[in-house]
Amino acid sequence: MDFSNFNAAEQAHMTKIIEKRQMQDFLKMYSNLVEKCFNACCNDFTSKALSSKEETCIMNCAEKFIKHSERVGARFAESNAEAMAAAQNPT
């Protein structure tokens, strides 16, 4: 977003709003990761410790989730860059 036509106070306010939204998005993603991996991997509640099988499952689940999120983010950035380029060079 271009905030160059905003004054300093408006720019600071918009930056705060964006940072707050990014934090909310991060917390939502983290919560989804915890819920998904817990539901998929934790099924033995006879002990308060994780079994080695559960621990391995959680590590793999988290790694896959993070790699997926990184890939989606990269594709979004590429798509956004293409859209910006197309907007700057209309044919």
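All of these numbers come straight from a predicted model, not from anything done at the bench. Residue numbers run from 1 in the order of the sequence given.
Judged by distance alone, with hydrogens and angles left aside, the side-chain atoms of S31 form no donor-acceptor pair with the main-chain N or O of L27 at under 3.5 Å. N80 places no side-chain N or O within 3.5 Å of a backbone atom of F76 that could act as its donor or acceptor partner.
For the atom pair CG (L33) and CD1 (I66), the distance works out to 6.0 Å, reported to the nearest 0.5 Å.
A salt bridge (charged side-chain N to carboxylate O under 4.0 Å, His left out) check over residues 50-64, counting only residues at least two apart or in different chains, returns the pairs E63-K67.
V34 belongs to a hydrophobic cluster whose remaining members, ordered by chain and number, are Y30; membership requires side-chain heavy atoms of ILVMFWY residues under 4.5 Å apart, directly or through intermediates.
Residues F65 and N32 are in side-chain contact: their nearest non-hydrogen atoms beyond the backbone lie under 4.5 Å apart. Annotation: side chain of N7 is not in contact with side chain of Q11 (no heavy-atom distance under 4.5 Å).
Dense packing is recorded around CE of M29, with more than 12 heavy atoms of other residues, nucleotides or ligands lying under 6.0 Å away. Environment of CZ in R75: crowded, with over 12 heavy atoms of neighbouring residues, nucleotides or ligands closer than 6.0 Å.
No continuous path of ILVMFWY side-chain contacts below 4.5 Å connects I18 to M23, so the two sit in separate hydrophobic clusters.
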Step by step, would you call K20 with I17 a side chain to side chain contact (heavy atoms under 4.5 Å, CB included)? CA-CA 5 Å; K20 182 178 178 182; I17 290 171; 5.8 Å; no

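A disulfide is not assigned to C41 and C61, since their SG atoms are no nearer than 2.5 Å.
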